[in-house]
There are 2 protein chains.
Amino acid sequence: MLSKKTKYALHALTYLGKHKDEKTVLIQDIAEEHGISHKFLENILLELKKAGMLGSKKGKGGGYYLIKEPKDIPLSRVIRLLDGPIALLPCVSLNYYEPCAECKNEAVCGINRVMIQVRDETLKILENKTLDDILREE
Amino acid sequence: MLSKKTKYALHALTYLGKHKDEKTVLIQDIAEEHGISHKFLENILLELKKAGMLGSKKGKGGGYYLIKEPKDIPLSRVIRLLDGPIALLPCVSLNYYEPCAECKNEAVCGINRVMIQVRDETLKILENKTLDDILREE
DNA sequence: ATAAACCCTATAAAATATATAGGGTTTATG
DNA sequence: CATAAACCCTATATATTTTATAGGGTTTAT
């Protein structure tokens, strides 16, 4: 399951996508719309910003805005950023690899091999679905 | 990511699959093979047993054994049992459904819709991969 | 009778996720 | 140039979940 952080990030991105014509959107507006804590959401938006998904404008009249086309924001990107690995095991993660302590020899581990296949097929799905798909469904 | 519980369960099932010709296998043997705590693994095997995946024999000379063909044990089953939902959000879970607090109207939520699609495609993968696939890779 | 081995429930410890706090910096505006 | 609005940053507290341990109970081969 996705963490609340990731879920809230998706809601925020969706909100920003829906208000694309406005210059900026306030944290407060998104937080109120979805009943999310202002401060918690703020941390999330900052992470999205640092990752280059959002732009912001400081000072009075400022706020956040999308700096990418919704079709160029795949779910895989958001999930990796806020939740971490998409792979089901650390030993098959592309971006967060770690060996599994209980596995004597990864090279001949059937679980490892199958999980690589699962990872590749899952990635196909999550790289293919984008913010644009979400917006089209609203 | 899968919990250690699920990961250990997969190792245990794999071990049992590899020792199919023996009548029973000791918890201790599996635990030692993978360096897992005996007691922790015991809880996991019990869950697998209650779920009808394993049989056991009590008393001296007892142990655990598979009671299903490896091809009839899909990853989806093991994951759901020990980790819970496969869906990425509670509001799209088939087996563990819960509404999302921050979502005013699930019926018109684009995130919900897309996550249903992701769930269905992910399920296809995890229902298709079985213990047999793991055993074949070893 | 005894020891081996699974069965069951409760609790402790550790890790992670969630949320809060408090101030710092930037900027439009009058 | 003073002010208020709004983002920026880091640290800490709280809650939840995961992981592990503990301690005995029950069954059965020998």
Side-chain angles (χ1 to χ4, degrees), chain A residues 1-9 11-12 16 22-32 34-65 67 79 81-85 88-90 96 98 100-102, chain B residues 1-9 11-12 16 22-32 34-65 67 79 81-85 88-90 96 98 100-102:
Chain A
M1 298 264 280
L2 300 178
S3 67
K4 290 195 176 179
K5 249 181 164 174
T6 301
K7 191 165 59 161
Y8 293 164
H11 280 294
L16 288 167
E22 296 160 40
K23 257 187 184 154
T24 64
V25 168
L26 301 186
I27 294 176
Q28 194 52 43
D29 289 350
I30 306 175
E32 272 173 13
H34 295 290
I36 305 172
S37 144
H38 175 110
K39 281 295 199 176
F40 193 43
L41 184 58
E42 187 170 21
N43 288 334
I44 295 166
L45 292 179
L46 266 179
E47 280 198 70
L48 291 171
K49 192 202 160 176
K50 283 181 190 161
M53 282 181 190
L54 300 182
S56 66
K57 192 160 176 298
K58 284 185 190 172
K60 192 174 180 181
Y64 283 96
Y65 51 90
I67 55 176
I79 293 174
L81 183 65
L82 295 157
D83 257 33
L88 292 181
L89 295 180
Y96 298 85
E98 274 183 63
C100 287
E102 80 285 358
Chain B
M1 299 266 277
L2 299 179
S3 68
K4 289 197 176 180
K5 248 181 162 173
T6 301
K7 192 166 56 161
Y8 292 164
H11 280 295
L16 288 167
E22 296 161 39
K23 255 185 182 156
T24 63
V25 168
L26 301 186
I27 294 176
Q28 194 52 41
D29 290 349
I30 306 174
E32 272 173 14
H34 295 289
I36 305 172
S37 143
H38 176 112
K39 281 295 200 176
F40 192 43
L41 184 59
E42 187 170 22
N43 288 333
I44 294 166
L45 292 179
L46 268 178
E47 281 196 70
L48 291 171
K49 191 203 161 174
K50 283 180 189 159
M53 282 181 189
L54 300 182
S56 66
K57 191 161 177 298
K58 283 185 191 171
K60 194 175 180 181
Y64 284 96
Y65 50 91
I67 56 176
I79 293 174
L81 182 66
L82 295 157
D83 257 33
L88 292 182
L89 294 180
Y96 300 85
E98 275 182 63
C100 287
E102 79 286 356

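Here is how names work: the chains are called A, B, and so on, in the same order as the sequence lines, proteins then strands, and each is numbered from 1.
Across all non-hydrogen atoms, the minimal contact from B:Ala12 to B:Ile30 is CA-CG2, 3.9 Å. Residues A:Leu41 and A:Ala31 share a closest heavy-atom pair of CD2-N, 3.6 Å. Taking all atoms of both residues into account, the shortest heavy-atom contact from B:Ile44 to B:Ala9 is CG2-CB, 3.7 Å.
Sorted by residue number, the members of residues 38-51 of chain B with any non-hydrogen atom under 4.0 Å from DNA chain D read B:Lys39, B:Phe40, B:Asn43. If you check residues 1-8 of chain B against DNA chain C, you find no residue with a heavy atom closer than 4.0 Å.
A distance of 7.0 Å separates CG in B:Leu45 from CG in B:Leu16, rounded to the nearest 0.5 Å. Atom CG in A:Leu48 sits 10.0 Å away from atom NZ in A:Lys5 (nearest 0.5 Å). Note that the CG atom of A:Leu2 and the CG atom of B:Leu89 stand 5.0 Å from one another [nearest 0.5 Å]. Interatomic distance, B:Thr6 OG1 to A:Leu88 CG, rounded to the nearest 0.5 Å: 9.5 Å. In this structure, NE2 on A:His38 lies 9.5 Å from CG on A:Asn43, to the nearest 0.5 angstrom.
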Seminar exercise, completed: Secondary structure of DNA chain D per the Watson-Crick/G-U criterion (both distances under 3.5 Å; [ ] crossing, | other strand, . unpaired) is ||||||||||||||||||||||||||||||
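Among A:Leu46, A:Thr24, A:Asp29, the one residue that satisfies the side chain to side chain contact (heavy atoms under 4.5 Å, CB included) test with A:Tyr64 is A:Leu46.
Contacts between chain A and DNA chain C, taken as any atom within less than 4.0 angstrom of a protein heavy atom, begin and end at C:dT18 to C:dA28.
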Less than 3.5 Å apart, which donor and acceptor atoms pair up between the side chains of residues 55-63 of chain A and the rest of the protein, not counting sequence neighbours?
unit_1: A:Ser56; atom_1: OG; unit_2: A:Lys49; atom_2: NZ; d: 3.1

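In this pair, A:Phe40 and A:Tyr8 present their aromatic rings perpendicular. The plane angle is above 60°, beyond the 30 to 60° band.
Contacts of B:Lys23 classified as salt bridge (Lys or Arg N to Asp or Glu O under 4.0 Å), with partners at least two apart in sequence or in another chain: none.
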Problem set entry | Full working for side-chain contact (heavy atoms from CB on, under 4.5 Å) between A:Lys50 and A:Glu47 | CA-CA 5 Å; A:Lys50 283 181 190 161; A:Glu47 280 198 70; 5.8 Å; no
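In this structure, B:Lys57 atom NZ and D:dT28 atom P are separated by 8 Å, rounded to whole Å.
Between B:Asp83 and B:Ser37, the one whose closest nucleotide on DNA chain D sits nearer the 5' end is B:Asp83.
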